[in-house]
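The structure under discussion appears below in the form of structure tokens.
Sequence positions, counted from 1, serve as the residue numbers for this chain.
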Amino acid sequence: MAVHCNRTCLQYLIHLAHDNVDFRLPEIMALLSLRGKPFDPGEHFKQKSPFWRLNGLSEEDVRSIMARTVCAKSAFELWGHGKTHSELRTSLLKYPKENMSPFLQKDSTYKINVYTFNKTLEFEDRIKKIDAMEYLPFEGRVHLKNPNHTFCLLEDYGMDPNNIPETPLYLYFGRWIADGQRELIRSHSVKRRHFIGNTSMDAGLSFIMANHARIKANDLVFDPFVGTGSLLVACSHFGAYVCGTDIDFNTIHGIGKASRKNQKWRGPDENIRANLRQYGSERLYVDVLVSDASKPIWRDGVLFDAIITDPPYGIRESTRRTGCQKDSVTSLKPPEEYVGDSHVPVSMAYHLSDIFTDLLSFSAHHLVIGGRLVYWLPIYRPEYCEEMVPLHPCLRLVSNCEQTLSSHTSRRLITMEKIKEPEETDALADLSDPQFSPYRGHNAFREKYFSGISKRMLTGKEESNKMAANGGE
């Protein structure tokens, strides 16, 4: 029992994947907060490093993180570390024997792996490094296929692939605890999905969004721009009940032209429900319906544990809402014999600034306290500043992560948490406080996006003309 108590306050090492680097810290922090644990990396923490040391956690905490994360590869109980093999040896020999002994018994089996970052080692070199650790007091037998315990030597060769040092910059050694959920990126790839569209969200990003939103079993999650339901698939994987709306009738009903190559029309069973059925989570499908996000259709009061969405930017999918003839300045006057209102609503532009204003207001009114809103915000990078991120008095900004799309555009994953119920004074604050006013610059994102493409095409033509004038050199 005493050994167990001593083992609850150990240091752990997280080996992170080196993609979606900006999203890793908010994901790990969100998963820790689900267990009520703070993020404590100690001193010398480097956010972009592939290795993080975490303090104040139990092994159960670490396993819970690895059961959800798609940003981390593996987790280890850290036994020793240092800048050189000599420092690593000294650190390992100082590690408390009572913490090691449960895993070094004669009747146990083990193996040692060697992981490297930014360098590939030959098999012979790996064996030499393992043999050099003979000073560790292992008493069990080596078993490579199915050992009781796995240990790892991890070597960090820096971040520059063009300047790889001969020896590692830092070394770690520890007991393997669990792997992350990187396999979900492959198993849920949109390439293998039954129903997809032009803007179906990448599987890895979908799971990252679900983790940022702290989705958990029996939550009710809503996507107001549901599309083909990629975000619902990710949330249902974690046990949440899912629902959504979209203005596109064909997408909601799974009819019309297909998005796949060599397929003209969608099949009879291509829909969001079929996607959840594909992954064994159809029982968590509540429903999706055709609806305009700019129009109120829900009853007043708290409804959702999380709202997670990817609004249209006007690039591959148009930004539109329903309106009426009098709202459209350019609409034609109906003929004199026309009687009554048309049952077909007029399609009108839905400006990005209005989309985000409506989204934040809806979230403030319909999220539970502590519930999270996670959404993508398109950005024209030369003009971006943090003041452009929409705010609301009832929502606290948790994280703001960038995914670069091109040299001049990106989108930012915004995570907000509801901290209070809306009041009448909040509406007045929206009008009087500049920090809550919507940023109108988002409305020109489409024009700026395509102007950047035009400039690159023009630059390419100019370079081609110069080469032609120089004789093709």
Side-chain angles (χ1 to χ4, degrees), residues 5-100 102-103 112-119 129 133 136 149-160 165 167-182 211 399:
C5 293
N6 289 336
R7 295 189 53 76
T8 58
C9 298
L10 305 173
Q11 191 173 53
Y12 294 92
L13 181 73
I14 306 293
H15 180 199
L16 297 125
H18 205 59
D19 55 6
N20 298 316
V21 173
D22 209 22
F23 302 83
R24 301 184 310 190
L25 180 58
E27 187 200 48
I28 299 299
M29 292 180 69
L31 296 180
L32 281 172
S33 69
L34 280 175
R35 294 184 63 86
K37 294 299 178 75
F39 179 79
D40 180 13
E43 57 181 352
H44 309 305
F45 172 66
K46 296 180 180 179
Q47 185 173 338
K48 293 188 177 181
S49 170
F51 301 104
W52 292 353
R53 284 178 274 169
L54 301 183
N55 303 307
L57 303 178
S58 67
E59 185 169 321
E60 289 74 20
D61 295 329
V62 176
R63 289 186 182 277
S64 72
I65 294 172
M66 303 312 291
R68 295 275 308 250
T69 177
V70 293
C71 288
K73 290 184 175 182
S74 304
F76 308 88
E77 179 189 309
L78 187 60
W79 285 13
H81 56 90
K83 294 181 179 179
T84 64
H85 282 280
S86 176
E87 287 187 12
L88 175 63
R89 174 174 177 160
T90 301
S91 178
L92 283 169
L93 294 177
K94 289 181 179 179
Y95 193 70
K97 293 294 187 295
E98 62 270 20
N99 288 346
M100 284 187 179
F103 311 102
I112 299 177
N113 291 330
V114 179
Y115 292 161
T116 58
F117 179 79
N118 198 30
K119 188 172 186 176
K129 290 178 181 291
M133 306 197 73
L136 289 172
H149 310 295
T150 300
F151 301 90
C152 293
L153 172 65
L154 303 102
E155 298 186 338
D156 185 359
Y157 286 86
M159 308 287 288
D160 187 357
T167 58
L169 302 179
Y170 213 87
L171 304 99
Y172 307 90
F173 185 88
R175 178 178 65 90
W176 172 82
I177 294 176
D179 289 331
Q181 302 303 307
R182 301 283 295 172
N211 282 333
S399 62

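- The CD1 atom of Ile28 sits 7.5 Å away from atom CG of Leu54, with the distance rounded to the nearest 0.5 Å.
- For Arg24, there are no side chain to side chain donor-acceptor pair (under 3.5 Å) partners, not counting sequence neighbours.
- The two residues Met159 and Asn118 have their closest heavy-atom pair at C-ND2, 4.1 Å.
- Pairs passing the salt bridge (Lys or Arg N to Asp or Glu O under 4.0 Å) check and including a residue from residues 11-21, sequence neighbours excluded, read Asp19-Arg182.
- With Leu136 as reference, Phe173 is the one residue of Phe151, Tyr95, Phe173 to meet the side-chain contact (heavy atoms from CB on, under 4.5 Å) rule.
- Residues forming a side chain to side chain donor-acceptor pair (under 3.5 Å) with Ser74 (at least two apart in sequence, or on another chain): Asp179.
- With sequence neighbours excluded, the residues forming a side chain to side chain donor-acceptor pair (under 3.5 Å) with Ser399 are Thr415, listed by chain and number.
- Within the 4.5 Å cutoff, no side-chain heavy atoms of Thr150 are placed close to those of Arg175.
- Taking all atoms of both residues into account, the shortest heavy-atom contact from Cys152 to Trp176 is SG-CB, 4.5 Å.
- Contacts of Ala72 classified as side chain to side chain contact (heavy atoms under 4.5 Å, CB included), with partners at least two apart in sequence or in another chain: Ile14, Leu16, Met66, Thr69.
- Contact of the Glu59 side chain with the Ile177 side chain is registered, since non-hydrogen atoms from C-beta on lie closer than 4.5 Å.
- Thr90 meets the side chain to side chain contact (heavy atoms under 4.5 Å, CB included) test with Lys94; sequence neighbours excluded.
- Counting heavy atoms from C-beta outward, Glu87 and Thr84 have side chains that approach closer than 4.5 Å.
- For Lys119, the NZ atom is densely surrounded, since the number of other residues' heavy atoms within 6.0 Å is greater than 12.
- Screening residues 27-37 for salt bridge (Lys or Arg N to Asp or Glu O under 4.0 Å), with sequence neighbours left out, gives Arg35-Asp61, Lys37-Asp61.
- Using a 4.5 Å heavy-atom threshold, the side chains of Leu25 and Phe39 count as touching.
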Run the side chain to side chain contact (heavy atoms under 4.5 Å, CB included) test on Phe51 and Phe76 for me, step by step, so that the C-alpha distance in whole Å, both residues' side-chain angles and the decisive distance to 0.1 Å come before the verdict. CA-CA 11 Å; Phe51 301 104; Phe76 308 88; over 6 Å; no
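- Atom-to-atom distance recorded for Ile112:CD1 and Met133:CE is 6.5 Å, nearest 0.5 angstrom.
- The two residues Tyr12 and Ser58 make their nearest non-hydrogen contact at OH-C, 3.7 Å.
- Considering every non-hydrogen atom in both Ala75 and Val62, the closest pair reads CB-CG1, 3.4 Å.
- Evaluation of the salt bridge (Lys or Arg N to Asp or Glu O under 4.0 Å) rule for Asp156 yields no partner, not counting sequence neighbours.
- A donor-acceptor pair under 3.5 Å links the side-chain atoms of Ser33 to the main chain of Ala30, judged by distance alone.
- The stretch residues 38-48 participates, sequence neighbours left out, in no side chain to side chain donor-acceptor pair (under 3.5 Å) pair at all.
- Partners of Glu155 according to the side chain to side chain contact (heavy atoms under 4.5 Å, CB included) rule, which considers only residues two or more places apart in sequence or in another chain, are His85, Thr116, Leu121, Lys129, Leu153, Tyr157, Pro168, Leu171.
- Atom SG in Cys71 sits 6.0 Å away from atom CG in Asn20 (nearest 0.5 Å).
- Nearest heavy-atom pair across Trp79 and Met100 is CZ3-CG, 3.6 Å.
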Does the pair Leu57 and Leu32 meet the rule for a side chain to side chain contact (heavy atoms under 4.5 Å, CB included), with working shown? CA-CA 9 Å; Leu57 303 178; Leu32 281 172; 3.7 Å; yes
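- Here Trp52 pairs with nothing under the side chain to side chain donor-acceptor pair (under 3.5 Å) rule; sequence neighbours left out.
- Residues satisfying the side chain to side chain contact (heavy atoms under 4.5 Å, CB included) test with Arg53, not counting sequence neighbours, are Gln11, Leu13, Leu78, His81, Tyr170, Tyr172.
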